[in-house]
Amino acid sequence: MLIKERDADTLDLTVSLGQLKKIYLALFRQLHQSGAAAFDAWDEDDMLMTLQSYLQLRARLAGVDGTNHAEWDAFLGVTDAPSCEQRFRSRRDGNRQE
């Protein structure tokens with residue numbers, strides 16, 4: 001990872017694809033556990049969406065079906081993901097564990 005200061009308020013961040021996946025997962029998990037209001041307040045500049053869009057592009061180029069949670073999780077390096085059934089049950093019951 002390389003961080004270069006462009007000016008007092010702007011940085012250039014150089015990361016590997018693997019590092020970007022880890023950053024995305026950490027943000028996604030933290031924001032998802034915080035709930036919708038916290039998510040909207042924190043991510044008003046759509047940083048997470050920008051990261052996700054880029055990673056989905058890279059996944060498509062690698063032949064990954066991003067609509068398939070198992071393939072998407074494998075692309076991201078997630079090995080402990082709950083099944084879709086467990087995810088939906090947790091959301092329905094108000095338990096945010098992902």
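- Across Gln19 and Met1, no two heavy atoms sit closer than the pair NE2-N, 3.4 Å.
- Residue Leu61 is not grouped with residue Phe75 when hydrophobic side chains (ILVMFWY) are merged at heavy-atom distances under 4.5 angstrom, including chains of intermediate members.
- A single hydrophobic cluster is seen to contain both Leu48 and Val15, as judged by linkage of ILVMFWY side chains at heavy-atom distances under 4.5 Å, directly or through other members.
- For residues 60-72, the set of pairs meeting the salt bridge (charged side-chain N to carboxylate O under 4.0 Å, His left out) definition, not counting sequence neighbours, is empty.
- Distance CD/Gln56 to CG/Leu51: 11.0 Å, rounded to 0.5 Å.
- A side chain to side chain contact (heavy atoms under 4.5 Å, CB included) with Leu55 is found for one member of Ile23, Leu20, Leu25 and no other, namely Leu20.
- Counting only distance, with no hydrogens or angles, the side chain of Gln30 and the backbone of Leu27 share no donor-acceptor pair below 3.5 Å.
- Cluster membership for Trp72 and Leu57, using ILVMFWY side-chain heavy atoms within less than 4.5 angstrom, is not shared.
- A distance of 12.0 Å separates OG in Ser16 from CG in Leu2, rounded to the nearest 0.5 Å.
- Note on residues 7-23: pairs passing salt bridge (charged side-chain N to carboxylate O under 4.0 Å, His left out), not counting sequence neighbours, are Arg6-Asp12.
- Across Tyr24 and Gln52, no two heavy atoms sit closer than the pair OH-NE2, 2.9 Å.
- Linking ILVMFWY residues whenever their side-chain heavy atoms come closer than 4.5 Å, directly or via other members, places Val78 and Leu17 in the same cluster.
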